[in-house]
Chemist: 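Just passing along the structure, written as structure tokens.
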Protein chains: 2
Amino acid sequence: MGVTKTAAFTADQNELAAMAKALAHPARIAIIEYLIRVNACICGDLVEELPLAQATVSQHLRELKEAGLIRGNIEGVSVCYCLDAARWSELRDRMGAFFEQARQAGTTCC
Amino acid sequence: MGVTKTAAFTADQNELAAMAKALAHPARIAIIEYLIRVNACICGDLVEELPLAQATVSQHLRELKEAGLIRGNIEGVSVCYCLDAARWSELRDRMGAFFEQARQAGTTCC
DNA sequence: ATAATTCATCGTAATATTGCAATAAATAAA
DNA sequence: TTTATTTATTGCAATATTACGATGAATTAT
């Protein structure tokens with residue numbers, strides 16, 4: 001039917017998938033990398049930095065904001081964006097735990 | 001236009017995004033968690049484990065296989081799946097580096 | 001050889017994502 | 001007030017994803 005059966009999976013599985021989804025586009029990776037580099041910037045900076053139209057950049061920013069990975073503070077006529085440190089730590093921990101789990105499991109295939 | 005501008009981003013950005021995309025669905029998270037738990041299993045086990053039809057499970061398995069995260073070995077009439085340890089390590093390292101980068105950056109927002 | 005089992009693939013429908021032009025909204029500058 | 005400036009939102013087109021029934025391909029059992 002073309003819609004994910006969210007209710008059929010655990011909250012943990014859905015949350016981890018949602019976090020991964022927020023990172024599942026090169027533009028959003030680029031936005032985050034840029035934010036890491038400059039610490040904070042306004043939307044216009046990203047429009048210059050990325051090969052995308054302003055509307056498209058704004059859309060990607062909204063997705064990152066909805067995933068809680070970044071925050072946007074209105075400063076006069078512009079909006080200042082930066083990583084949400086707390087949420088970012090959570091993501092790192094969740095992903096880290098996920099990978100650690102796999103590391104400890106045996107990896108001998110059939 | 002509804003198509004990601006892959007060529008406009010770096011290989012690194014595209015690869016990281018592709019890895020994240022492979023994890024960006026609860027069913028695929030569930031598949032990987034199950035594989036971690038049982039180490040290896042056949043496709044039929046996953047069909048019983050997941051609330052999805054066989055065709056859908058097979059499709060998710062293909063995506064994970066194409067991302068290189070799992071391997072499938074034909075064993076008679078069934079197919080045995082397991083995590084690809086090497087690729088999994090690579091993913092962990094790439095993600096880890098990404099998060100580490102963010103951790104070292106300042107996090108004071110505007 | 002025939003039937004059963006297991007999985008992949010095809011075709012299709014429903015929905016989501018990506019991208020942009022155009023426009024709206026909100027603030028600052030003249 | 002009028003005009004820029006900056007960003008979000010709307011509307012649309014193109015494409016991708018998700019899901020499943022039906023069918024095909026390969027192997028094993030009878």
Side-chain angles (χ1 to χ4, degrees), chain A residues 1-9 13-14 17-31 34-35 40-67 70-82 110, chain B residues 1-9 13-14 17-31 34-35 40-67 70-82 110:
Chain A
M1 295 162 198
V3 62
T4 297
K5 290 178 129 185
T6 307
F9 299 97
Q13 289 166 341
N14 281 307
M19 291 188 204
K21 198 175 204 170
L23 302 180
H25 193 288
R28 295 196 287 273
I29 296 286
I31 286 174
Y34 185 73
L35 279 179
C41 73
I42 64 171
C43 173
D45 296 336
L46 284 163
V47 174
E48 283 188 2
E49 184 76 8
L50 301 177
L52 297 171
Q54 180 266 324
T56 309
V57 172
S58 192
Q59 203 172 336
H60 282 302
L61 285 170
R62 183 171 53 184
E63 282 178 65
L64 287 170
K65 210 161 43 178
E66 274 169 6
I70 67 173
R71 283 184 307 163
N73 291 75
I74 299 175
E75 285 198 345
V77 78
S78 57
V79 177
C80 181
Y81 284 100
C82 64
C110 26
Chain B
M1 297 164 196
V3 62
T4 297
K5 289 178 127 184
T6 307
F9 299 96
Q13 289 166 340
N14 280 307
M19 291 189 204
K21 198 174 203 172
L23 302 179
H25 193 289
R28 295 196 288 272
I29 296 286
I31 287 173
Y34 185 73
L35 279 179
C41 73
I42 65 172
C43 174
D45 296 336
L46 284 164
V47 174
E48 283 188 1
E49 184 75 7
L50 300 178
L52 297 172
Q54 181 265 324
T56 309
V57 172
S58 193
Q59 203 172 334
H60 282 302
L61 285 170
R62 184 173 50 183
E63 283 177 66
L64 287 171
K65 211 161 43 177
E66 274 169 7
I70 66 174
R71 283 184 305 164
N73 290 76
I74 298 174
E75 285 198 346
V77 78
S78 57
V79 177
C80 181
Y81 284 100
C82 65
C110 26

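Here is the naming used below: chain letters follow the sequence lines, and residue numbers restart at 1 for every chain.
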Chemist: Give me the atom names and distance for the closest heavy-atom approach of B/Ala24 to A/Ala24.
Modeler: CB-CB, 4.4 Å
Chemist: Grab the two heavy atoms, one from B/Ala17 and one from A/Pro26, that are nearest each other, plus how far apart they are.
Modeler: CB-N, 3.4 Å
Chemist: Within this structure, what is the OH-CG distance for the pair A/Tyr34 and A/Leu50, rounded to the nearest 0.5 Å?
Modeler: 9.0 Å
Chemist: Write out all pairs satisfying salt bridge (Lys or Arg N to Asp or Glu O under 4.0 Å) with one or both partners inside residues 48-64 of chain B, taking only residues at least two apart or from two chains.
Modeler: B/Arg28-B/Glu63, B/Arg37-B/Glu49
Chemist: How many Å lie between CG on B/Leu46 and C1' on C/dT6, as a whole number?
Modeler: 13 Å
Chemist: Could you tell me whether B/Ala53 contacts a base, only the sugar-phosphate backbone, or nothing, with contacts defined as non-hydrogen atoms closer than 4.0 Å?
Modeler: sugar-phosphate
Chemist: When you measure from the side chain of B/Ala55, which nucleotide among C/dG19, D/dA22, D/dT9 comes out closest?
Modeler: D/dA22
Chemist: Nearest 0.5 Å, what's the OG1-NZ distance between B/Thr4 and B/Lys21?
Modeler: 5.5 Å
Chemist: List every contact pair, protein side and nucleotides 3-7 of chain D side both N or O, where the distance is under 3.5 Å.
Modeler:
residue, atom, partner, partner atom, Å
D/dT7, OP1, A/Cys43, N, 3.1
D/dT7, OP1, A/Val79, N, 3.4
D/dT7, OP2, A/Gly44, N, 2.8

Chemist: Rounded off to whole Å, could you give me the CD-to-P distance for the B/Glu75 and C/dA8 pair?
Modeler: 13 Å
Chemist: Atom CG of B/Asn14 and atom P of C/dT18: how far apart are they, to the nearest Å?
Modeler: 13 Å
Chemist: So which heavy atom on B/Phe9 is nearest to which on A/Pro51, and how close?
Modeler: CE2-CD, 4.1 Å
Chemist: List in numerical order all residues of residues 18-27 of chain B for which some heavy atom is under 4.0 Å away from an atom belonging to DNA chain D.
Modeler: B/Lys21, B/His25
Chemist: Whole Å only: how far is the CG atom of B/Leu50 from the C1' atom of D/dA19?
Modeler: 13 Å
Chemist: Heavy atoms from C-beta onward define the side chain here; which of C/dT18, D/dA19, C/dC20 lies closest to that of B/Thr56?
Modeler: D/dA19
Chemist: Return the value, rounded to whole Å, for the distance between atom CD1 of B/Ile29 and atom P of D/dT18.
Modeler: 12 Å
Chemist: Rounded to whole Å, how long is the line connecting atom CD1 of A/Ile31 with atom P of C/dG19?
Modeler: 10 Å
Chemist: So B/Glu63, base contact, sugar-phosphate only, or nothing? Heavy-atom distance under 4.0 Å.
Modeler: sugar-phosphate
Chemist: Please report the shortest heavy-atom distance between B/Cys41 and B/Leu46, naming the atom on each side.
Modeler: SG-CG, 3.8 Å
Chemist: As a quick check of understanding, evaluate side chain to side chain contact (heavy atoms under 4.5 Å, CB included) for A/Leu64 and A/His60, giving each step before the final call.
Modeler: CA-CA 6 Å; A/Leu64 287 170; A/His60 282 302; 5.5 Å; no
Chemist: Any idea which of C/dA8, C/dT18, C/dC20 is nearest the B/Leu61 side chain?
Modeler: C/dA8
Chemist: Just how far, in rounded Å, is C1' of C/dG19 from NE2 of A/His60?
Modeler: 8 Å
Chemist: Testing the basics here: between B/Asn14 and B/Thr6, what is the closest heavy-atom pair and its distance to 0.1 Å?
Modeler: ND2-O, 2.9 Å
Chemist: Closest approach to the side chain of B/Arg62, judged atom by atom: which nucleotide of C/dT9, C/dG19, C/dA21 is it?
Modeler: C/dT9
Chemist: Give me the atom names and distance for the closest heavy-atom approach of B/Leu61 to B/Cys43.
Modeler: CD1-SG, 3.9 Å
Chemist: C/dA26 P sits how many Å from A/Ile74 CD1, rounded?
Modeler: 10 Å
Chemist: Nearest of D/dA8, C/dA8, C/dT18 to any side-chain atom of B/Lys65?
Modeler: C/dA8
